[in-house]
**Student:** 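Before anything else, here's the structure in question.
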Amino acid sequence: MMRTHTCGDLRPADAGRKATLCGWVATKRDHGGVLFVDLRDRYGLAQATFRAEQNAALYETARHLPLEGVVAVTGTVEARPADKVNPKMATGGVELNAASLEALNDCKPMPFEIGDGEVANELRLQHRFLDLRRPRMQHNLLKRHALTLALRKAFDAERFVEIETPILYKATPEGAREYLVPSRVHRGMFYALPQSPQVFKQLCMVAGLDRYFQIARCFRDEDLRADRQPEFTQVDVEMSFVTPEDVFRVIEGVLKVAWKEVLGVDLPTPFPQVPYEEVMLKYGSDKPDRRYGMEIRDVTEMVKSTSFKVFTEAPIVRGLAAPGGAAAFSRKHIDELTALCAAAGAKGLAWMKYTPEGMQGGIEKFIQEPLRAQLVAKLGAKPGDLLCFIADKKEVVEKTLGMLRLELAKRLALKPSKEWDLHWVVDFPLFLQSEGRLVSGHHPFTQVHPEDFALLDTDPTRVRGLQYDLVMNGTELGGGTIRIHRADVQAKVFGILGLTPEEAQSKFGFLLDALAHGAPPHGGIALGLDRLCALLLGESDIREVIAFPKTHKASCLMTGSPAQASEKQVRELGIVFQAPPRAGA
RNA sequence: GGGGGUGUAGCGCAACUGGUUAGCGCACCAGAUUGUCGAUCUGGAUGUUGCGGGUUCGAAUCCCGUCACCCUCGCCA
C-alpha cells in the first residue's frame, strides 16, 4: 500500500505514529518558514505541515506543488495544541508533520476549482472527471451507492432474486421510440435497446422465479428534460401470486429501509391510496403534489343558476381558492395567469377576489348571493383568497386547473405541509378514448379490476385496471400493473382494442405463448432510481445523481458521443446513408 | 418539431441610451510572511466579447444567419 491512512482517518489518538497520506493538493497556505498543505481524498481533508527549519529543501519543494497535483506525504502525526484545533474538520485535531514528499503526478491549471462554486453546466459535463471530484457530486454518488445497496439488501431480505436481462433486445411495436443497434451478422436486421425489461421480468415469473428485481438500465430515444435522460435506471420488480396490495407492502417496506439508511428518516407507511378520478378532480394531475392544499372542487351544478354564459354553457366548471391571492395578485398578475391558462388550452380564467369587504373584480357582477356563499363554502375560501374558475370540457378543465394550482403554489410561495408525500394513485381506467377508438391506458396486458369484469361487455370505458403509480411530491416515481395471465381474458381485451388474434400473435407472439404455458398470476412495478435518488438528495436535476450524464440533446460532452463511425464499420453493417452527413457534424 | 433564455480572461460575473485603452473577484505567475485552515499583503500576466455576415465614422451593445448549453410544449414509464 502506498498509504497508511486515508485523509479522513487521523485523530489525536494517532499522535506519535508515522503515517503516509496520499491525496490531491486542495489548498496551500504559506507563512514563510511554515507551509500548510491540505490533502484531499474522498474520505476527507488532512493538513500536512512543512517547516523550513526542519527541512529547507522539502519546504521549498512543497511550496511549488500545483493545486490538484497528486502527492504522497510521509511524516509524524502530531496532536495540535488546543488553540490550533480546527473544529470544522474531522481531522482538525491533528496534523501530519511532513518528513518526506513524493509528487505522484502533476496537474495542469484547472478549468474550474474543486469546490462548491457555481460552474456552467456545459463546462462541468466537458470535464466531468473533475466535476465528480467536487464535494457535491462526491456526496451524491456516495449517497446513491448507499441507496442502491439499501434497496438490494431490502429486496434480498424479502427473498427477491436479482436477475440480469438483455440489453440487446428487439424492437417492440408500442411505447417510446427506441435506440436501434444494427446487426453485422444479420445484415439489415436490428436489435433495440430495451425501454424497460418488462417482458423479461414476466418471463421470469413464468419460469417460476417468483420474486424478481433488477437495478436495470433502460433506454428511450425521446426528447430530454431535467428529469429524463436517454439512458436511465429503473428499480424493476415483479412478483407471482400477488394482488396490488402485496406489491405496495413490499415497495413501502423497501423504501422505508432506503429512507432510514440514506437519510436516517422514518418514512411513515403504508402510503395512502388515492383513486385516479379523485386526483384528477382535486389536483388536475395524475401525479399530484398534495402538499399545498388548494384542492380543486367541481361547481358545475352550483353555477347553473347564474346568468354567466361561460359557466352555464360549459360542460364542466371547477375552481379553487388561492390563499392570500386577493392581495398578492394585481390585475397584471392575473392577466399573466390568464395567459398561462390560455396556453394550457382554456378559453380564459374566471376569477374574483374574496376580500373582507366581499367579492371584487372579475366575474363578481355575474355572481349573486346565495351563490357567493355557496362557492366560498365549496372551495373552503377565506377572506383574502383569489377564487379561480375554469369552464370547459373536462380534460381542459383538469389540465388547466392542475397547471394553475402548481403555478399559484409557486407564486404564492406556499409552504409544503410536509417534506415527503408519497401516495399510490390507483384505479386507472383500463381503456382511453383516442380518435374514436379505445386504446390501452398503460399496456394491453394490464389485468382487469376484479369488480369490473362485467363492464367489459357493457361499458369498457368505465373498466378500471389493476394499475398503480407511486407519486412523491408531484413527481411520478414509478408505476406498475398486475398482468393478465389467462389467454381468454387477454383475448377479450385484445378484442376491445380492435386487435385480431392474428395481429396479437404477430405482435406479441412469444409472450402470449409463454403465458399459455402455466404462467402464474403476477404483477410488479418499476421505480425511477435516478428520480428517487434526486428527490432524496433534494436535487431537481437527475444529472446531479448520475456520474456521466448526457446533455439535453443526448450527447456526451466529455467523450464526444455520438460520433461518426468509420467507413469500414458502416460498410460491414451494410448501412447506406441517404445523404452524406453534414461536414463537421 | 414549436416557443423562450444564455454565451465577455482559465472560472464566476460587470460594462447606462452604440463611443476612446472591455473592468471586478477567484484561480494563475513572482515576491513577502513561523500557526494558517475559504490565510493575508504587494506586484504581474491574461481577451478572436461563441462563430459567420451585415448596418454604422465607430458594434460586446443593433440586425440576419449559425453553433453550443439550458428551460418549456409536443413527445415520453
Side-chain angles (χ1 to χ4, degrees), chain A residues 26-40 45-54 59 63-64 66-68 78 80-81 83-89 91-92 95 97 107-127 130-131 174-178 194-198 216 218-230 232-236 286-287 340 343-345 399 403 428 441-443 467-471 475-481 524-528 530-531 540-541 543 550-553 555 557 582 584-585:
Chain A
T27 52
K28 287 183 298 181
R29 295 174 296 277
D30 183 358
H31 287 262
V34 59
L35 168 72
F36 302 103
V37 176
D38 286 347
L39 290 185
R40 188 198 60 241
L45 271 180
Q47 175 169 286
T49 312
F50 297 83
R51 295 171 200 282
E53 60 184 21
Q54 211 171 287
Y59 167 78
R63 282 182 68 186
H64 293 95
L67 283 190
E68 295 305 317
E78 292 178 355
R80 298 195 203 177
D83 61 323
K84 306 294 191 306
V85 167
N86 182 354
K88 287 188 284 185
M89 284 168 66
T91 61
E95 61 193 352
N97 187 355
C107 184
K108 295 204 293 184
M110 298 284 286
F112 51 80
E113 291 165 57
I114 305 302
D116 296 316
E118 276 293 304
V119 180
N121 187 285
E122 199 173 346
L123 204 66
R124 292 178 60 195
L125 293 180
Q126 223 164 49
H127 308 275
L130 297 180
D131 189 37
E174 324 258 300
R177 189 181 301 123
E178 294 163 317
Q195 310 168 37
S196 81
Q198 165 101 0
C218 306
F219 306 85
R220 286 183 198 146
D221 186 7
E222 296 288 353
D223 285 347
L224 306 180
R225 291 283 191 288
D227 61 353
R228 281 189 231 155
Q229 282 277 296
F232 61 100
T233 306
Q234 278 187 352
V235 182
D236 198 39
D286 60 0
K287 45 176 179 167
L340 288 172
K399 182 185 173 194
M403 177 282 301
F428 282 81
H442 187 73
H443 59 57
Q467 177 194 343
Y468 31 84
D469 277 358
L470 178 60
V471 177
T475 296
E476 182 195 317
L477 257 193
T481 60
I525 190 168
L527 306 179
D530 311 290
R531 287 184 188 178
S540 56
D541 190 325
R543 281 172 291 204
K550 295 193 170 49
T551 70
H552 199 250
K553 287 181 85 176
S555 52
L557 298 179
R582 255 183 299 169

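This is a predicted model, so every value here is computed, not measured.
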**Student:** So which nucleotide does B:U6 pair with, by the Watson-Crick or G-U wobble rule with both distances under 3.5 Å?
**Tutor:**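 Per the H-bond distance test, B:A68.
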**Student:** Decide whether A:Gln54 and A:Asn97 meet the rule of one side-chain donor and one side-chain acceptor closer than 3.5 Å.
**Tutor:**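 Yes, A:Asn97 and A:Gln54 have a side-chain donor paired with an acceptor closer than 3.5 Å.
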**Student:** To the side chain of A:Lys553, which of B:C69, B:C75, B:U33 is closest?
**Tutor:**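 Within the option list, the nearest is B:C69.
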**Student:** Using a heavy-atom cut-off of under 4.0 Å over every strand shown, decide if A:Gly175 touches base, sugar-phosphate, or nothing.
**Tutor:**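 Result for A:Gly175 = sugar-phosphate.
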**Student:** Between B:A22 and B:C69, how far apart are the P atoms? Round to whole Å, please.
**Tutor:** 31 Å
**Student:** Please give the distance between the P atoms of B:G1 and B:G19 as a whole number of Å.
**Tutor:**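 Here B:G1 and B:G19 have their P atoms 38 Å from each other.
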**Student:** Using atom P in both nucleotides, what's the gap between B:U46 and B:G53 to the nearest angstrom?
**Tutor:** 27 Å
**Student:** Is there a donor-acceptor contact under 3.5 Å linking the side chains of A:Gln234 and A:Ser196?
**Tutor:**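 The criterion, which ignores hydrogens and geometry beyond distance, is not satisfied for A:Ser196 and A:Gln234.
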**Student:** Do A:Gln195 side-chain atoms and A:Ala176 backbone N/O form a donor-acceptor pair below 3.5 Å?
**Tutor:** yes
**Student:** With both distances under 3.5 Å as the test, what is the Watson-Crick or G-U wobble partner of B:U49?
**Tutor:**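 Across any shown strand, B:U49 pairs with none.
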**Student:** Under the salt bridge (Lys or Arg N to Asp or Glu O under 4.0 Å) rule, what do A:Asp223 and A:Arg228 come out as? Steps first, then yes or no, please.
**Tutor:** CA-CA 8 Å; A:Asp223 285 347; A:Arg228 281 189 231 155; over 6 Å; no
**Student:** Pick the C1' atom in B:U49 and in B:C11, then give their distance to the nearest Å.
**Tutor:** 16 Å
**Student:** Whom does B:A22 pair with, Watson-Crick or G-U wobble, provided both distances fall under 3.5 Å?
**Tutor:**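 With both distances under 3.5 Å required, B:A22 matches none.
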**Student:** Donor-acceptor pair, distance only, cut-off 3.5 Å: does the side chain of A:Lys28 make one with the backbone of A:Leu35?
**Tutor:**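 No, A:Lys28 side chain to A:Leu35 backbone: no donor-acceptor pair under 3.5 Å.
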**Student:** Taking atom C1' in both B:A14 and B:G3, what distance in whole Å separates the two?
**Tutor:**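 Here B:A14 and B:G3 have their C1' atoms 30 Å from each other.
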**Student:** Is B:A60 paired to anything, Watson-Crick or G-U wobble with both distances less than 3.5 Å, and if yes, which nucleotide?
**Tutor:** none
**Student:** Checking base pairs now: Watson-Crick or wobble, both atom distances under 3.5 Å. What partners B:C16?
**Tutor:** none
**Student:** Say we look at B:U21 and B:G25: how far apart would their P atoms be, to the nearest angstrom?
**Tutor:**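 Each nucleotide's P atom is 23 Å from the other's.
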**Student:** For A:Phe36 and B:U36, do the ring centres fall under 5.5 Å apart while the planes stay under 30° apart?
**Tutor:**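 Stacked: ring centres under 5.5 Å, planes under 30°.
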**Student:** Distance check needed: B:G10 C1' versus A:Glu113 CD, whole Å only.
**Tutor:**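 To the nearest whole Å, that distance equals 10 Å.
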**Student:** For B:C75, give its Watson-Crick or G-U wobble partner with both distances under 3.5 Å, or none.
**Tutor:** none
**Student:** Hey, does A:Ala343 reach any base, or is it just sugar-phosphate, or nothing, if we go heavy atoms under 4.0 Å?
**Tutor:** nothing
**Student:** Which value, in whole Å, describes the distance between the C1' atoms of nucleotides B:G23 and B:G47?
**Tutor:** 12 Å
**Student:** Taking the P atom of each, how far is B:G74 from B:U17, in whole Å?
**Tutor:** 37 Å
**Student:** Looking at B:A30, which nucleotide sits across from it as a Watson-Crick or G-U wobble partner, both distances under 3.5 angstrom, or is there none?
**Tutor:**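 When the pairing criteria are applied, B:U42 turns out to be the nucleotide that pairs with B:A30.
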**Student:** Return whichever of A:Gly92 or A:Ser196 has its heavy-atom-nearest nucleotide of RNA chain B closer to the 5' end.
**Tutor:** A:Gly92
**Student:** Categorize A:Glu118 for me: base, sugar-phosphate, or nothing, with a 4.0 angstrom heavy-atom threshold over every strand shown.
**Tutor:**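 It contacts sugar-phosphate atoms only.
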**Student:** Which of these passes salt bridge (Lys or Arg N to Asp or Glu O under 4.0 Å) with A:Asp227: A:Arg531, A:Lys287, A:Arg543?
**Tutor:**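 Among A:Arg531, A:Lys287, A:Arg543, the one meeting salt bridge (Lys or Arg N to Asp or Glu O under 4.0 Å) with A:Asp227 is A:Arg531.
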